[in-house]
Amino acid sequence: MPDSPPGPPSRYFGQHFLALSRDPLAFLTRLKTEYGDIAQIRLGGQPMVALSHPDQIRALLVTDHRLFAKGRGLERAKRMLGQGLLTSEGEFHLRQRRLVQPAFHRERIQGYGMVMADATARHLARWQDGGEVDIHREMMALTLTIVARTLFSADVSHEVDELGQAISASVDLFRQSLLPFGQWLEYLPLGPGARFRATRRRLDATIQRFIDEHRAGGDQGDLLSMLILAQDDEAHGERMTDLQLRDESMTLFLAGHETTANAASWGLYLLSRHPEIAARVRQEVAGVVGEGAPGPDDLPALPYTTMVVAEVMRLYPPAWTIGRRALQDWDVAGYRIVKGTLILASPWVTHRDPRWWPDPLRFDPLRFTESAKATRPKFAYFPFGGGPRICVGEQFAWMEGVLIVASVLQRFEFEPVNPAATVVPAPSITLRPRGGLPMRVRRLT
């Protein structure tokens, strides 16, 4: 029988859980450095294995994906998201994906791109020359506006700050829910429990308003209309229940803006630190659109800007870890992983492995030329996951990220308010910058 994977001994009960909770990025990186591509620890009585080699990640997400269920984090996320695409399993997940997938076909995404470009132009028009803005807050507001308009034909501009606060509260509560006994915090009459209930009521009211407006107004040609009207031909023409509509809408509303907002924020931060790369992006954009605004039809002519966004998601992957739970014993890389083990595959760790990424901390978009990509294993880079559960909105996110970066750099230069400050990532359900990203912006003539 194969051996269990190697890993550090625990000197006292809860040692590894505390280390993982305090700084999961550093802890997972240290596991990889000290114990190799596959390492095991115990979180109390629960075995957990960290995988980092592209071949192991391919096996987890693609080859052997049927042997696993979602991990602990997304189990907890069900309290906010319900049984949406991100959290559901098995045949139900496959059915829901069949119903959602048409909304993300290429021709529809092109249409969304026009809305993205318009929303970005309107948002940037509010920035004052020489003014100070929190880039992360601005990107959260922009992507929230975009996802509401593209997928739900809704205008949330008058409530974007309130919704942003509710979403930030839900991210904080998710982090707390991963603590021991965290699943019970929401039931407390005060504190986290009260905040969870208030946050869910606020977000539920927004989603229900979207649904009610669509039922009253008929087909609006957007994702929510498609979900309301969709019939699953493989399930005798069944349509989604109101609860299923709520869960899918909530998942796409939250996930559809959170990841891109973080990627755009980290991208603008990195570009503020690398003016030579920002200048090359501006040169490319000017050569394609002149004084016009970048649009979806311009993306094929913006390969360098696209490589910039790819490199940003290498260094700061919005989904910094992917979790699974073994449904049966699994043999991989000469080791036996027993049924019930939690398994983490972290893009943060693999994306910074010097075997695939020489000088891995250097910001270098040219890592994503076609010739450079051909030298690496496919799963050396997996910011959107992989296999049957790869992010359904991947192409939506690529278009949005490239359009935002191109549009911002075309109009503005920016620099950190405090250049000496170190920006620290805050890993929760996504990878936000802790404390925001205050920047000073200067409008280009």
Side-chain angles (χ1 to χ4, degrees), residues 1-10 13-14 16-17 20 24 27-28 31-32 35-79 81-98 177-178 180-183 234-235 247 251 319-350 377-380 382 384-392 429:
M1 176 177 173
D3 294 331
S4 296
S10 179
F13 184 81
H16 294 146
F17 182 87
L20 187 62
F27 182 76
L28 292 174
L31 274 183
K32 159 68 176 62
Y35 294 94
D37 289 322
I38 178 167
Q40 180 168 278
I41 61 172
R42 296 195 76 83
L43 302 175
Q46 172 70 62
M48 190 210 82
V49 166
L51 304 179
S52 60
H53 193 284
D55 293 345
Q56 299 164 3
I57 294 163
R58 178 193 289 274
L60 178 74
L61 300 180
V62 182
T63 312
D64 298 333
H65 71 92
R66 291 183 178 84
L67 305 183
F68 307 98
K70 284 286 189 176
R72 176 185 176 198
L74 289 177
E75 283 292 321
R76 298 286 172 86
K78 285 182 180 179
R79 299 302 304 158
L81 302 179
Q83 289 278 6
L85 272 182
L86 196 62
T87 56
S88 58
E89 301 280 5
E91 290 300 319
F92 182 77
H93 171 266
L94 293 175
R95 173 183 179 272
Q96 295 299 97
R97 190 168 180 113
R98 285 197 299 269
S177 76
L178 296 178
F181 309 109
Q183 69 269 35
E234 297 186 32
D247 291 351
T251 297
W320 59 276
T321 190
I322 296 172
R324 294 290 188 268
R325 176 171 50 84
L327 299 175
Q328 62 187 64
D329 290 354
W330 183 45
D331 292 341
V332 60
Y335 295 106
R336 168 69 50 84
I337 295 176
V338 300
K339 177 181 177 180
T341 298
L342 298 177
I343 303 168
L344 296 184
S346 173
W348 174 275
V349 175
T350 302
K378 176 176 172 55
F379 280 88
F382 58 112
F384 294 95
R389 300 201 66 134
I390 193 169
C391 174
V392 71
I429 196 166

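Residue numbers count from 1 along this sequence.
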Any side-chain heavy-atom pair from [X] and [Y] closer than 4.5 angstrom?
| X | Y | value |
| --- | --- | --- |
| Leu67 | Leu327 | no |
| Met48 | His16 | no |
| Pro24 | Trp348 | no |
| Val332 | Val49 | no |
| Leu20 | Leu28 | yes |
| Phe379 | Leu60 | no |
| Phe382 | Ile57 | yes |
| Ile38 | His53 | no |

[X] [atom1] to [Y] [atom2] distance, which is reported to the nearest 0.5 Å:
| X | Y | atom1 | atom2 | answer |
| --- | --- | --- | --- | --- |
| Thr341 | Arg42 | OG1 | CZ | 8.0 Å |
| Phe92 | Arg97 | CZ | CZ | 14.5 Å |
| Asp37 | Lys32 | CG | NZ | 5.0 Å |
| Leu94 | Arg389 | CG | CZ | 8.5 Å |
| Asp247 | Gln96 | CG | CD | 8.5 Å |

Least distance between heavy atoms, [X] atom then [Y] atom:
| X | Y | answer |
| --- | --- | --- |
| Leu43 | Ile41 | CD2-CD1, 3.7 Å |
| Ala333 | Gln56 | CB-NE2, 3.7 Å |
| Gly385 | Leu61 | C-CD1, 4.1 Å |
| Pro9 | Tyr35 | CD-OH, 4.2 Å |
| Ser52 | Thr350 | O-OG1, 2.9 Å |
| Ile337 | Pro5 | CG1-CG, 4.4 Å |

Legend entry - Which residues share a side chain to side chain donor-acceptor pair (under 3.5 Å) with Trp330, sequence neighbours left out: Asp64

Legend entry - Partners passing side-chain contact (heavy atoms from CB on, under 4.5 Å) against Thr321 (at least two apart in sequence or in another chain): Leu344, Ser346

Legend entry - Check: Gly340 main-chain N/O paired with Gln46 side-chain donor or acceptor under 3.5 Å: yes

Inset, instruction - State whether Lys339 and Asp329 are salt-bridged, where the test is any N-O pair (Lys NZ or Arg NE/NH1/NH2 against Asp/Glu carboxylate O) under 4.0 Å. - result: no

